[in-house]
Amino acid sequence: MSSDGAWLPVLTEKGVTVAPLQSANCGFYCEWSEHLQTKFAGSPLKDVAFSFTFEDGQVVTKKGECIVTQDGMEGSLIYAFSKYLRDGINHSGQSSLLMDLLPLQSEEQVIKKLRHIKPKESFSKYLKRTLNITGVKTALLHESFPKDAFQTPETLARCLKAMPVHFYKTKPIDEVISSAGGVCESSVNDMLMLKAMPGVFCAGEMLDWEAPTGGYLLTACFATGHWAAQGVNKFLT
Ligand SMILES: Cc1cc2nc3c(=O)[nH]c(=O)nc-3n(C[C@H](O)[C@H](O)[C@H](O)COP(=O)(O)OP(=O)(O)OC[C@H]3O[C@@H](n4cnc5c(N)ncnc54)[C@H](O)[C@@H]3O)c2cc1C
């Protein structure tokens, strides 16, 4: 999105209904400790899964990767949840995901590996030897749970498989991949021409829709561009 939305007040002044523009496919702010910010900002989190629980109890889980930034999280896996997180933040000021650091292993498999305890081994060496958990993943574990949650293989496995991550704000709209909101369907005719401004056509992210990344955004922009161009042609002839 490289438009600055300067068109928005021009259209609303003419009575065009525009849903507020909001960040979509975006990163989010988290409240990290000083330690995480200074030591792990920019670290990739690979082979993890996130789950989002809707109010009705339905759960969406996706695997992938993202990046821990100085002030939050970015990347494709976060973008995939951005609509749910943003809606949650709009609703209650905060939104959360549960992170699974070992999505390819069941909790039982993780517990079994964690039972191989060596006396006097440090916690970080134990995690590395048994499950290859290192670096930012270990730091996030300390960030999210008190030490007594790691006392037994069973409780530690639970922490590794269901770590809450809290998000409190979307990244600003001028830093994000796309925007939600825009000119509402009720304001355009079937040629994507503004009912309140005959001869003015809308396309792409000006219109009120959103989609995930992966080509869907560009496809919708090209499609609505083509659609509006046909409308212009029809209007002029
Ligand atoms: C880093 C990044 C990666 C992305 N990757 C993907 C991807 O992999 N797949 C995918 O589907 N989508 C991707 N997108 C999203 C996709 O690029 C956008 O959805 C799409 O470009 C939006 O098209 P648009 O025509 O609505 O707006 P824009 O592409 O923003 O085009 C608006 C144009 O209007 C011009 N303009 C603005 N104001 C004025 C003015 N006053 N007068 C004249 N011209 C003006 C701007 O300069 C710009 O050229 C990505 C976006 C970003 C930022």
Side-chain angles (χ1 to χ4, degrees), residues 1-30 41-50 52 60 62-87 89-90 97 167 169-236:
M1 197 189 63
S2 62
S3 169
D4 57 7
W7 49 269
L8 203 148
V10 179
L11 301 198
T12 49
E13 262 171 38
K14 300 278 182 187
V16 176
T17 311
V18 181
L21 294 177
Q22 300 190 80
S23 300
N25 293 296
C26 54
F28 287 82
Y29 291 102
C30 306
S43 300
L45 266 174
K46 296 191 180 220
D47 299 324
V48 294
F50 281 121
F52 180 85
V60 175
K62 293 173 198 276
K63 284 198 206 77
E65 56 187 69
C66 60
I67 295 172
V68 172
T69 62
Q70 184 153 19
D71 50 13
M73 281 188 168
E74 288 274 352
S76 55
L77 187 56
I78 293 292
Y79 301 159
F81 285 96
S82 59
K83 183 181 177 344
Y84 312 146
L85 293 175
R86 187 193 67 225
D87 290 351
I89 290 168
N90 286 345
L97 293 173
F167 303 91
K169 200 173 154 196
T170 59
K171 285 288 168 101
I173 200 161
D174 53 355
E175 290 179 19
V176 305
I177 299 283
S178 64
S179 60
V183 174
C184 296
E185 194 181 347
S186 59
S187 286
V188 291
N189 68 10
D190 62 1
M191 300 188 294
L192 298 182
M193 184 173 79
L194 290 171
K195 290 175 187 168
M197 299 171 77
V200 177
F201 292 76
C202 299
E205 291 194 32
M206 280 186 89
L207 295 162
D208 180 19
W209 55 274
E210 70 178 300
T213 53
Y216 301 103
L217 293 157
L218 286 170
T219 302
C221 290
F222 293 144
T224 52
H226 182 250
W227 182 0
Q230 286 177 314
V232 172
N233 206 17
K234 210 164 154 189
F235 180 75
L236 293 175

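Every heavy atom of this structure was used, including side-chain atoms; hydrogens, water molecules and symmetry mates were not. In this text the structure is predicted, and so the values were computed from the model without any measurement. Just follow the structure's listing: the first ligand is 1, and inside any ligand the first atom is 1.
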Indicate yes or no: does an N/O atom of D4 lie under 3.5 Å from an N/O atom of ligand 1? no
Under 3.5 Å between some N or O of ligand 1 and some N or O of C221? no
Looking at non-hydrogen atoms alone, which of T219, V176, I177, L218 comes nearest to atom 1 (C) of ligand 1? I177
Atom 18 (C) of ligand 1: of E210, E175, E205, the nearest heavy atom sits on E205
Taking the six-membered ring for Trp and the single ring otherwise, decide whether the centroids of Y84 and F52 are under 6.0 Å apart. yes
Should you measure from each heavy atom of [X], which atoms of ligand 1 turn up under 4.0 Å away?
{"X": "G215", "value": "9 (N), 10 (C), 11 (O)"}
{"X": "L217", "value": "10 (C), 11 (O), 12 (N), 15 (C), 19 (O)"}
{"X": "Y216", "value": "11 (O)"}
{"X": "G204", "value": "26 (O)"}

Could you measure the distance from the CE atom of M197 to the CG atom of L11? Nearest 0.5 Å is fine. 5.5 Å
How far does CE of M73 sit from CD1 of I67, to the nearest 0.5 angstrom? 10.5 Å
Using a 3.5 Å cut-off and no angle test, enumerate the donor-acceptor pairs between side-chain atoms of residues 208-217 and protein atoms at least two apart in sequence or in another chain.
from : atom 1 : to   : atom 2 : distance (Å)
W209 : NE1    : G204 : O      : 2.9
E210 : OE1    : R86  : NH1    : 3.2
E210 : OE2    : R86  : NH2    : 2.6

Here's one to test your reading of the geometry: is the NZ or CZ of K169 within 45 degrees of the ring axis of F28 and under 6.0 Å from its centre? no
Provide the full list of salt bridge (Lys or Arg N to Asp or Glu O under 4.0 Å) pairs with a residue in residues 7-17, sequence neighbours left out, each pair given once. none
